[in-house]
K.L.:
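The structure's right below; bear with me while I get my questions together.
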Amino acid sequence: MLDRKFILENMALMKANIANRGMAVDVERFAALEQQRRDMQKQLETMRAEANALAKNNALSVDERRTRGGELKKMEAELSARIAPLEADIESIYVAIPNLIYAGSPLGGEDASKDIARGKQPLPKFDFKPADHITLMENLQMLDLVAGAKVAGSGFYYFTNMGALLELALTRFALDHVMKSGFKPVIPPDLARDSLMQGAGFVPRGNESNTYHLEDSDLNLTATSEITLVGRYADEVVDLTKGPLKVAGISHCFRSERAHGSATRGIYRVHQFTKTEMVVVCLPEQAEALHLEMRRLEQEIFDALEIPYRVLEIATGDLGAAAFRKFDLEAWMPMRGGKGDWGEITSTSNCTDFQARRLNIKYRDNSGKLQFAYTLNGTALSVCRAMIALVENHQQADGSVRIPLVLQPYLSGMTHIRKE
RNA sequence: GGAAGUGUGGCCGAGUGGUUGAAGGCGCACGCUUGGAAAGCGUGUAUGGGGUAACUCAUCGCAGGUUCGAAUCCUGUCACUUCCGCCA
């Protein structure tokens with residue numbers, strides 16, 4: 001979230017910002033209610049000041065204090081009762097107010113996102129009729145969608161044999177790669193409390209929720225380890241004097257939403273997947289360079305996997321509420337939509353201090369003052385999407401799949417996945 | 001799962017319902033001392049909101065309650081510790 005005072009002092013900016021994101025948040029109402037609340041709060045504090053002074057005043061008898069104190073107490077209670085619902089209204093608008101936007105982000109909706117770079121690998125040319133990932137993987141006994149549906153429902157799957165090993169190989173390869181740039185490995189919980197989900201900025205647009213909630217508890221299956229990796233530092237003063245905190249987490253991600261249709265066949269959109277995620281907590285002046293570093297690492301990973309991709313500078317209307325600036329990598333998936341299409345494989349966001357303010361993550365600056373830290377996140381590798389791109393791009397005429405060189409050490413030196 | 005105990009400023013730790021936002025120590029900052037350092041001595045050192053300021057309000061895990069007055073009493077909740085049970 002943004003600073004309340006900042007919002008009140010920059011109303012024009014707030015309105016433009018919300019419009020650019022294509023959102024509807026009534027900041028006017030926020031300002032009006034907030035002003036009302038402040039006036040009432042001042043009254044309340046005046047009463048409290050008198051009550052405090054009274055309680056400390058030994059010159060008065062206990063009876064005298066009791067009489068006036070009782071009156072004040074009643075008045076305070078009445079006023080508080082009027083402030084509470086007001087505060088609730090204010091809060092509901094406040095949490096919906098999105099982060100500011102990077103000046104260079106293209107204006108507009110999803111279609112306005114700008115194609116700013118390409119990976120090293122050219123688009124594949126097949127001299128045979130290529131198959132989609134479902135056919136390929138089922139033939140190679142790597143994937144069992146039917147069993148997934150039977151056991152857990154549509155949107156779940158089994159990775160079997162080389163499928164299982166490939167998940168581990170991809171995950172470990174991505175982790176190793178980002179570790180070379182100083183990211184420390186972490187395996188976080190796959191569940192998180194309600195408070196943390198909200199804190200991390202997962203304010204579902206409208207009332208749609210993308211997460212599984214555990215009945216009779218305040219726990220949720222996490223949709224991304226960003227929640228647990230950043231949430232780990234909630235309510236803490238982090239030490240940034242030895243450089244930014246850089247962590248890479250491996251976790252399962254659970255998402256309850258699922259659109260249907262040919263674009264989502266197979267394992268493109270599933271309820272559970274494994275992801276290696278990067279998270280950074282840093283000083284404001286370090287954030288941009290680290291954001292670009294994460295993007296570079298993502299590109300290096302997919303260049304190494306010999307998967308063609310493009311890099312998008314995400315448009316204002318497609319940024320998450322917490323994101324100030326965001327890049328996506330979209331891999332070429334030769335059979336997506338029947339004739340090939342780009343599909344999102346990674347995403348990296350600079351959340352500035354928006355997320356840290358909500359989670360109360362601070363650092364001490366040079367003058368010793370507490371300041372909100374900046375947080376960033378980026379996908380190193382999300383297994384299902386990477387797997388689709390890998391098998392579809394590296395498929396051979398005989399139905400086997402070529403294993404890119406960098407992955408071979410993680411698969412006992414195998415060069416191809418073949419039918420047994 | 002059962003029982004008992006504990007949660008206090010960056011850290012450790014005291015705290016009788018009534019100037020306690022909180023003793024003391026560590027750490028940190030500044031100063032004195034020194035040829036320089038260490039030691040020693042002195043001073044300062046929680047966070048957030050409102051106000052030009054004086055000042056004021058809130059905060060002792062969290063949420064409620066009792067009271068003129070709560071860190072202190074009560075209820076709930078979360079976390080940690082110890083013991084028992086169970087378990088990979």
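As a basis for the values below, the full set of heavy atoms in this structure was taken, side chains included, without hydrogen atoms, waters or symmetry mates. Chain identifiers are assigned alphabetically (A, B, ...) following the order of the sequence lines, protein sequences preceding nucleic acid strands; residue numbering begins at 1 within each chain.
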K.L.:
Based on the glycosidic angle (syn within 90° of 0, else anti), state the conformation of G21(B).
P.N.:
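Anti conformation here, the glycosidic angle of G21(B) being more than 90° from 0.
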K.L.:
Are E50(A) and R68(A) within salt-bridge range, i.e. N to O under 4.0 Å?
P.N.:
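Salt bridge present between E50(A) and R68(A).
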K.L.:
So what does N52(A) hit on the nucleic acid, given a heavy-atom distance under 4.0 Å: a base, only sugar-phosphate, or nothing?
P.N.:
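Sugar-phosphate only.
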K.L.:
In terms of the nearest nucleotide of RNA chain B, which residue is placed more toward the 5' end: R66(A) or A49(A)?
P.N.:
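Nearest nucleotide further toward 5': that of A49(A).
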K.L.:
For K5(A), which contact category applies under a 4.0 Å heavy-atom criterion: base, sugar-phosphate, or nothing?
P.N.:
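Counting heavy atoms under 4.0 Å across all strands, the contact made by K5(A) is with sugar-phosphate only.
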K.L.:
Quantified in whole Å, what is the P atom distance between nucleotide C55(B) and nucleotide C60(B)?
P.N.:
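That atom pair is separated by 24 Å.
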K.L.:
Using Watson-Crick or G-U wobble geometry with both distances below 3.5 Å, tell me the partner of U81(B), or none.
P.N.:
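Per the H-bond distance test, A4(B).
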K.L.:
When the C1' atoms of C73(B) and G69(B) are considered, how many whole Å apart are they?
P.N.:
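Each nucleotide's C1' atom is 13 Å from the other's.
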K.L.:
For G76(B), what is the paired nucleotide under Watson-Crick or G-U wobble rules, both distances under 3.5 Å?
P.N.:
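Across any shown strand, G76(B) pairs with C62(B).
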K.L.:
Do any side-chain atoms of residues 321-333 of chain A form donor-acceptor pairs under 3.5 angstrom with protein atoms, and if so which ones, sequence neighbours left out?
P.N.:
from    : atom 1 : to      : atom 2 : distance (Å)
R325(A) : NE     : E313(A) : OE2    : 3.0
R325(A) : NH2    : E313(A) : OE1    : 2.9
D328(A) : OD1    : S347(A) : OG     : 3.0
E330(A) : OE1    : R310(A) : NE     : 2.9
E330(A) : OE1    : R310(A) : NH2    : 2.8

K.L.:
For L44(A), answer base if it contacts any base atom (sugar-phosphate contacts may also be present), sugar-phosphate if it contacts only those atoms, and nothing otherwise; contact means non-hydrogen atoms under 4.0 Å.
P.N.:
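L44(A): no heavy atom of the nucleic acid under 4.0 Å.
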K.L.:
Does any pair with a residue in residues 227-237 of chain A pass side-chain hydrogen bond (donor to acceptor under 3.5 Å, both in side chains), and if so which ones, sequence neighbours excluded?
P.N.:
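Checked against side-chain hydrogen bond (donor to acceptor under 3.5 Å, both in side chains) - neighbours excluded - the pairs reaching residues 227-237 of chain A are D235(A)-N360(A).
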K.L.:
Say we look at G9(B) and U47(B): how far apart would their C1' atoms be, to the nearest angstrom?
P.N.:
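Pairwise C1' distance, G9(B) against U47(B), rounds to 9 Å.
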K.L.:
So which one's nearest nucleotide on RNA chain B is more toward 5', G70(A) or L370(A)?
P.N.:
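The residue whose closest nucleotide sits nearer the 5' end is L370(A).
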K.L.:
With sugar-phosphate meaning primed atoms plus P, OP1 and OP2, does R4(A) contact a base, only sugar-phosphate, or nothing at under 4.0 Å between heavy atoms?
P.N.:
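Nothing: the residue R4(A), judged by heavy atoms under 4.0 Å, touches no strand.
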K.L.:
Does A38(B) pair with anything, Watson-Crick or G-U wobble, both distances under 3.5 Å, and if so, with which nucleotide?
P.N.:
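By the stated definition (distances under 3.5 Å), nothing pairs with A38(B).
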K.L.:
Has R402(A) got more than 12 heavy atoms of other residues, nucleotides or ligands less than 6.0 Å from its CZ?
P.N.:
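For R402(A), atom CZ is crowded (more than 12 foreign heavy atoms under 6.0 Å).
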K.L.:
With rounding to the closest Å, how many angstrom separate the C1' atoms on G61(B) and C57(B)?
P.N.:
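Their C1' atoms lie roughly 22 Å apart.
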K.L.:
When you compare U67(B) with C80(B), how far apart are their P atoms, in angstrom units rounded to a whole number?
P.N.:
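It works out to 35 Å between them.
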K.L.:
Please list all pairs passing the side-chain hydrogen bond (donor to acceptor under 3.5 Å, both in side chains) test where one or both residues lie in residues 135-152 of chain A, with sequence neighbours left out.
P.N.:
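side-chain hydrogen bond (donor to acceptor under 3.5 Å, both in side chains) check on residues 135-152 of chain A returns D132(A)-T135(A).
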K.L.:
Under the 3.5 angstrom rule, does the side chain of Q408(A) hit a backbone N or O of I403(A) as a donor-acceptor pair?
P.N.:
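Checked: pair present.
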K.L.:
Should A71(B) form a Watson-Crick or G-U wobble pair with both distances under 3.5 Å, which nucleotide is its partner?
P.N.:
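No nucleotide pairs with A71(B).
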K.L.:
Under a 3.5 Å cut-off for both contacts, is A53(B) paired Watson-Crick or G-U wobble with anything, and if yes, with which nucleotide?
P.N.:
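A53(B) is paired with nothing.
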K.L.:
Distance between the C1' atoms of A63(B) and A70(B), in whole angstroms?
P.N.:
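Straight-line distance between the two C1' atoms is 16 Å.
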K.L.:
Report the base-pairing partner of U19(B) (Watson-Crick or G-U wobble, both distances below 3.5 angstrom), or none.
P.N.:
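Base partner found: none.
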K.L.:
Only pairs at least two apart or in different chains count here, so list each side-chain hydrogen bond (donor to acceptor under 3.5 Å, both in side chains) that has a residue in residues 239-248 of chain A.
P.N.:
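For residues 239-248 of chain A: D239(A)-T241(A), D239(A)-K242(A), K246(A)-E293(A).
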K.L.:
With P as the reference atom in both, quote the distance from U72(B) to G7(B) in angstrom, rounded to an integer.
P.N.:
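These two P atoms come out 12 Å apart once rounded.
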K.L.:
Taking only Lys NZ, Arg NE, NH1 and NH2, and the carboxylate oxygens of Asp or Glu, determine whether K180(A) and D176(A) approach each other closer than 4.0 Å.
P.N.:
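So K180(A) does not pair with D176(A) through a salt bridge.
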K.L.:
Restricting to pairs with a member in residues 276-292 of chain A, which pass side-chain hydrogen bond (donor to acceptor under 3.5 Å, both in side chains), not counting sequence neighbours?
P.N.:
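Matches after skipping sequence neighbours: K275(A)-E277(A).
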K.L.:
Could you check which nucleotide pairs with C28(B) in any of the strands shown, counting Watson-Crick or G-U wobble with both distances under 3.5 Å?
P.N.:
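With both distances under 3.5 Å, C28(B) matches G44(B).
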K.L.:
How would you give the extent of chain A contacts on RNA chain B, as first and last nucleotide 5' to 3' within a 4.0 Å heavy-atom cut-off?
P.N.:
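The protein-touched segment is G18(B) to A79(B).
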K.L.:
Could you check whether R193(A) gets within reach of a base, just the sugar-phosphate, or nothing at all, counting any heavy atom under 4.0 Å?
P.N.:
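Sugar-phosphate only.
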K.L.:
Given that both distances must come in under 3.5 Å, which nucleotide forms a Watson-Crick or G-U wobble pair with A88(B)?
P.N.:
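A88(B) is unpaired by these criteria.
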K.L.:
Using the C1' atom on both, measure G13(B) against G25(B) and round to a whole Å.
P.N.:
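My reading of the C1' atoms in G13(B) and G25(B) gives 8 Å.
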